[in-house]
Amino acid sequence: MQKKEVVAMLLAGGQGSRLGILTKKLAKPAVPFGGKYRIIDFTLSNCSNSGIDSVGVLTQYRPLTLNAYIGIGSAWDLDRAGGGVSVLPPYMREQGGEWYKGTANAVYQNIDFIDQHDPEYVLILSGDHIYKMDYSKMLSYHKSRGASATIAVIPVPWEETHRFGVMKTDDTGRITEFQEKPKVAKSNLASMGVYVFNWQELRAYLEADEADPNSNNDFGRNVIPAMLGAGEPMYAYAFQEYWKDVGTVDSLWEANMDLLAKEPELKLNDASWKIFSLNQTLPPQLVGPEADVQGSLLSDGCLVLGKVHHSVIFTGAQIERGAEVTDSVIMPGVKIGEGAVVHKAIIGENTIVEAGAKIGVPARPGEKVEIVNENGITVIEDNVTVPKTMRIVQGTVLSVAEWPEFPEEWIS
Amino acid sequence: MRNLLGIVDLSEPTEGLGELTVHRTLGAVPFGGRYRIIDFTLSNMVNAGIRNVGILLNDRFGPLLDHIKDGKEWDLNRQRDGMFLLPAPLRTDSGEGISSNLINLRHNRGYLEKSRQDYVLFSGCGMVSNIDYQAVLDFHLEKKADITVIYSQVQNLHEDSPYTALVVDQGGRVTDIALNPRHCTSRKVSLNMFVLRKDLLINLVDHYSARQKRDLFTDAVMPRLAELRIYGYEHRGYVGAINSLKSYYQRSMDLLKPDVWQDLFFTHGQISTKVKHEAPVRYLPGSKVSNSLIATGCTIEGTVENSILFRGVEVGAGVVIKDSIVMQKAKLGPGVALRNVILDKDVTISAGKSLAGDPSFPVVISKAATV
């Protein structure tokens, strides 16, 4: 196979359990985002726009939606001779096989795949972040520093540092200290989970890591500290633009709402850096005579006859006459019936909200409901029907599994 | 449907479409916010399981080729069968021929012979619809017809548009065919789509092209009305006949009716087109949009009423668009007002300009023009 300068390995096997019912049937990178995309589109489009044409996508949890979605990669122009996109699930070997135990182990198990391309560098990516980044610039930086590893970093609020791997650097950008999810952070420069390594060096570290029975086989917890401990030259690459980890219901909702700003930090309408996605060719959206659409994002195939304010409406969703949708994320194929009200909610794919149903209403005085989301975001599972008499209190989660246990007072 | 071959004919007259067809063939005329007219014919064929499609290219086909490329969007980039581009001969014995489908078919006779399919669906592009061709072939076989012509009870006929009227008896047999009859009791209008056996098609092409005839239907099928079993299949769904600027404008506006939108884009399968990866439409606070069809990539802060916006149009605060069709990437300066206007692709309207036409006579601004 033709030698490649760089191969990207995109980690897309995570369950994303903090997204709850939204990832019950699909992996986090396959969750719909931004009106017509799935989360993984951003990373795949970044690869394509950065000129990287060999991408391994490592899948493990609920891969069917993701597999079908990626296909042969044509949507991202990654259907290439001698490269392109390869979906890489764990597989059996002579001595049995095992699941990906951690991020580093997932790459370790695919050493043969990377070796096929014989690359100088390997780019490790995560499939659950929303950002636009030119990886070729990061690679140039890596080369110019003569680094063994380069880690993309972004400043985060100090109070959130405990969620990230953070690093201290010297004046030249060289990393002097790395803390994985620290209680007391020494820096607020957080790792974005985007790494460039020299392949032959990384290969050796992965083999050593695999040989260590006490390792968690994780880049952040094991491989990066091991390299730093060995005195390898490791550099931080500062990224200044929009970046968001959409691993929680709050951050998924917020990141969607971020797109509604008058001047959004993340521009989707950027001819020089298109975000590609697998399109169904649905007709342009039809906005009816009495519709009222303000401060929102709508995609192809939508039919809007009612009111939509400050919301993201995905492909093929329908908002009937008299319905009101505010501050919400309405995923593909959802139908909101006549006169239904949806406020500050995330509604899963193909769910039907029948006429007159109310979602995201305040609890009545003394009403006992299980509030799952403290910020009052209501989440409705995909492929369910919310009956017309239903009243769903803000901050709750509606899943079919819980259906029979609905308290009486929810039905008005 | 592996036994049905599709032939797309692009030789329909386009004079009535004025500016819209100066640089492009009818099939390449933008329609419905994100489509080109040929998308409907190609998608209907593919949705019915047709896997071998030949496209008869006559002239002004540059924009069409740019649009269809290798046929991938219709899943027609295949190892076996797939999409075949059939250009007309540049020179013919009589010195003409680029607008004659008979001469083009004779020139590409080898393609017809080599194709594995026994039946051919021959279709023009000027009748926009979502049709189940599978049902048409079933009907054709059941009636043991030689030729089955698809027709529709057209309500919105214009005296100024050319059309082909059929008289069909109770059993479905076509008993008379008339071109633009002055007095016609039949509202049954041919959609310029018909099914026949491939060997019959080849016979007709051989016979009539050798006699300097030009059009397959009028010059080769119509004269055989008495001797061939010609049947009519009624398509009951929506049909938009596009053959003049007025009909282009009105059929476009039909799409604003939810039932037409639903019928045309969802009944027997999706209408595929070239994908451009545009972002979802941004509606900024203060936007006023009603009764309009909006394609992705648009950003709207102004007013849009009873209009169609193609991909990537920016409607700034204060811009007012009413009863108009604005094609891809139009640039509208601050304070622009449009009414009953068709803007072709890449038009620039400078600040403060106000353009108005009449519903029966929309103003057309040609491609890439600056006003």
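All values below were derived from every heavy atom in this structure, side-chain atoms included, with hydrogens, water molecules and symmetry-related copies excluded. Please read all numbers here as calculations on a predicted model, not as lab measurements.
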Exercise. Side chain, backbone, both or neither: which part of Val281(B) has a heavy atom under 4.5 Å from chain A?
Worked result: both
Exercise. For Glu265(A), does the CD atom have more than 12 heavy-atom neighbours from other residues, nucleotides or ligands under 6.0 Å away?
Worked result: no
Exercise. So how far is it from Ser287(B) OG to Gln294(A) CD, rounded to the nearest 0.5 Å?
Worked result: 4.5 Å
For this session: Could you tell me which portion of Ala271(A) (side chain, backbone, both or neither) has an atom closer than 4.5 angstrom to a non-hydrogen atom of chain B?
Result: neither
Exercise. Is it the backbone or the side chain of Phe314(A) that comes under 4.5 Å from a heavy atom of chain B, or both, or neither?
Worked result: neither
Problem set entry | Straight-line distance of Asn269(A) CG to Thr299(B) OG1, nearest 0.5 Å | 4.5 Å
Exercise. What is the distance from atom CG of Leu297(A) to atom CG of Leu284(B), rounded to the nearest 0.5 Å?
Worked result: 10.0 Å
For this session: Tell me, yes or no, whether the heavy-atom count around Lys69(B) atom NZ, taken from other residues, nucleotides or ligands under 6.0 Å, exceeds 12.
Result: no
Exercise. For the residue pair Tyr37(A) and Ala279(B), what are the closest heavy atoms and their distance?
Worked result: OH-CA, 3.4 Å
Exercise. If you take all heavy atoms of Gly34(A) and Pro280(B), which pair is closest and at what distance?
Worked result: O-CG, 3.3 Å
For this session: Can you measure from OG (Ser277(A)) to CD (Glu278(B)) and round to the nearest 0.5 angstrom?
Result: 11.0 Å
For this session: Locate the shortest heavy-atom distance separating Pro264(A) from Arg282(B); write the atom from each residue and the value.
Result: CD-NH2, 3.3 Å
Problem set entry | Interface moiety of Ile294(B) toward chain A, non-hydrogen atoms closer than 4.5 Å | both
For this session: List the atom of Gly32(B), the atom of Pro284(A), and the distance in Å for their closest heavy-atom pair.
Result: O-CG, 3.2 Å
Problem set entry | Interchain contact, Lys274(A) with chain B, by part (heavy-atom threshold 4.5 Å) | side chain
Problem set entry | Lys274(B) backbone acceptor or donor facing Thr281(A) side chain under 3.5 Å | no
Exercise. CG/Asn291(B) to CD/Glu290(A) distance, rounded to the nearest 0.5 angstrom?
Worked result: 9.5 Å
For this session: Can you tell which part of Lys72(B) gets under 4.5 Å to a heavy atom of chain A, answering side chain, backbone, both or neither?
Result: side chain
Seminar exercise, completed: One option among Gly295(A), Ser299(A), Gly301(A), Cys302(A) has the most heavy-atom pairs under 4.5 Å with chain B, and it is Gly295(A)
Exercise. Who among Gly35(A), Ser74(A), Ala261(A), Gly288(A) has the most heavy-atom pairs with chain B under 4.5 Å?
Worked result: Gly288(A)
Exercise. How long is the span from the CD1 atom in Ile313(A) to the OH atom in Tyr283(B), to the nearest 0.5 Å?
Worked result: 10.0 Å
Seminar exercise, completed: The interface call for Ile275(A) against chain B, heavy-atom contacts under 4.5 Å, is backbone
Exercise. Highest number of heavy-atom pairs under 4.5 Å with chain B: which of Val287(A), Leu303(A), Leu268(A)?
Worked result: Val287(A)
Exercise. Do other residues, nucleotides or ligands put more than 12 heavy atoms under 6.0 Å from Lys388(A) NZ?
Worked result: no
Exercise. Do Asn279(A) and His277(B) have side chains that get closer than 4.5 Å, going by heavy atoms?
Worked result: yes
For this session: Side chain from CB out, backbone as N, CA, C, O: work out which of these in Tyr35(B) comes under 4.5 Å of a heavy atom of chain A, or both, or neither.
Result: side chain
Exercise. Relative to chain A, which segment of Leu256(B) carries a heavy atom at a distance below 4.5 Å: side chain, backbone, both, or neither?
Worked result: both
Exercise. Is it true that Asp300(A) and Arg34(B) make a salt bridge, defined as a side-chain N closer than 4.0 Å to a carboxylate O?
Worked result: yes
Seminar exercise, completed: Counting heavy-atom pairs under 4.5 angstrom with chain A, the leader among Lys288(B), Glu301(B), Lys257(B) is Glu301(B)
Exercise. Can you tell if the side chain of Pro258(B) reaches within under 4.5 Å of the side chain of Leu286(A), non-hydrogen atoms only?
Worked result: yes
